[in-house]
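These notes are about the structure you will find just below.
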Amino acid sequence: MTWPQLIHIASARYLSSAIAYVTKGAWVRQALDDLGYPAYLVPVIIAVKVLSAAAILSLFSVALSDLAYAGMFYHLLLSGLAHVGVRKPGGALPAAEGLALLAASFLTQNAARELPSPYALTALL
């Protein structure tokens, strides 16, 4: 798969998750409550998901895109660990899939950029 395909798949998954947070608000709030998180985080998470996908897809700024990748990485990692922490490892599977897509996209992102990210090469080492 090429970088554009990987990033479009990763971004589509992230954006579809944001849409689910909007359309299934009560379910999301209950799921966050089950994990021990407050419901007021839902709008923040929605905004961060949409903005991070937009930052990566726009190729506007290398630094902004790398920051979005980092934010998505930590969100997915902590989401998976939260599910494992409450003994619901099945809930961590979407986060694990997202991490795999995100890693593949990050490692191949320089193919689509005029100005390469300095961090993609160091991630390979």
Side-chain angles (χ1 to χ4, degrees):
M1 252 186 227
T2 64
W3 179 84
Q5 292 168 328
L6 288 170
I7 193 54
H8 287 108
I9 292 169
S11 295
R13 283 186 56 123
Y14 224 61
L15 290 172
S16 68
S17 174
I19 292 168
Y21 273 49
V22 171
T23 59
K24 298 180 180 184
W27 177 80
V28 170
R29 284 180 185 76
Q30 182 60 47
L32 285 177
D33 187 53
D34 291 346
L35 294 172
Y37 295 106
Y40 66 78
L41 288 178
V42 173
V44 174
I45 294 171
I46 292 169
V48 168
K49 285 179 180 242
V50 171
L51 291 173
S52 61
I56 291 172
L57 287 172
S58 71
L59 299 175
F60 173 72
S61 164
V62 173
L64 185 62
S65 177
D66 286 346
L67 182 64
Y69 272 114
M72 290 170 83
F73 171 77
Y74 285 113
H75 171 257
L76 291 168
L77 180 67
L78 294 173
S79 172
L81 290 174
H83 283 89
V84 171
V86 295
R87 303 195 193 289
K88 295 182 181 179
L93 290 177
E97 292 171 0
L99 279 170
L101 282 171
L102 190 69
S105 172
F106 182 74
L107 294 174
T108 59
Q109 68 178 318
N110 283 341
R113 291 185 172 177
E114 290 180 28
L115 179 64
S117 168
Y119 303 109
L121 294 177
T122 58
L124 290 172
L125 301 176

Practice problem: Please report the shortest heavy-atom distance between L35 and A82, naming the atom on each side. | Solution: CD2-O, 3.7 Å
Quiz item: Is the side chain of S17 donor-acceptor paired with the backbone N or O of R13 at a distance under 3.5 Å, no angle test?
Solution: no
Quiz item: Linking I/L/V/M/F/W/Y whenever any side-chain heavy atoms sit under 4.5 Å apart, do Y21 and Y40 land together?
Solution: yes
Quiz prompt | hydrophobic_cluster_shared for V42 and I19, side chain cutoff 4.5 Å | solution = no
Quiz item: Considering all heavy atoms of both residues, which atom of P89 and which atom of V84 are nearest to each other, and what is their separation?
Solution: CA-CG2, 4.5 Å
Quiz item: Looking only at heavy atoms, which two atoms of A18 and V50 are closest? And how far apart?
Solution: CB-CG2, 3.9 Å
Quiz item: Which pair of non-hydrogen atoms, one from A92 and one from H83, has the smallest distance, and what is that distance?
Solution: N-CB, 3.7 Å
Exercise. Consider only side-chain heavy atoms of I, L, V, M, F, W and Y, link residues closer than 4.5 Å, and tell whether Y74 and L99 are in one cluster.
Key: yes
Self-check item: Joint cluster assignment, L41 & L78, ILVMFWY side-chain distance < 4.5 Å
Solution: no
Quiz prompt | Close side-chain approach of D34 to V86, heavy-atom, < 4.5 Å | solution = no
Quiz prompt | Main-chain N/O of V48 paired to S52 side chain as donor or acceptor, under 3.5 Å | solution = yes
Exercise. Please name the pair of heavy atoms, one in F73 and one in L102, separated by the smallest distance, quoted to 0.1 Å.
Key: N-CD2, 3.4 Å
Quiz item: Which heavy-atom pair separates P38 from L32 by the least distance, and what is that distance?
Solution: O-CD1, 4.4 Å
Quiz item: Say you draw a straight line from CG of L67 to CD1 of I56; how long is it, rounded to the nearest 0.5 Å?
Solution: 9.5 Å
Exercise. Decide whether F106 and Y14 are clustered together by the hydrophobic rule: side chain heavy atoms of Ile, Leu, Val, Met, Phe, Trp, Tyr closer than 4.5 Å, transitively.
Key: yes
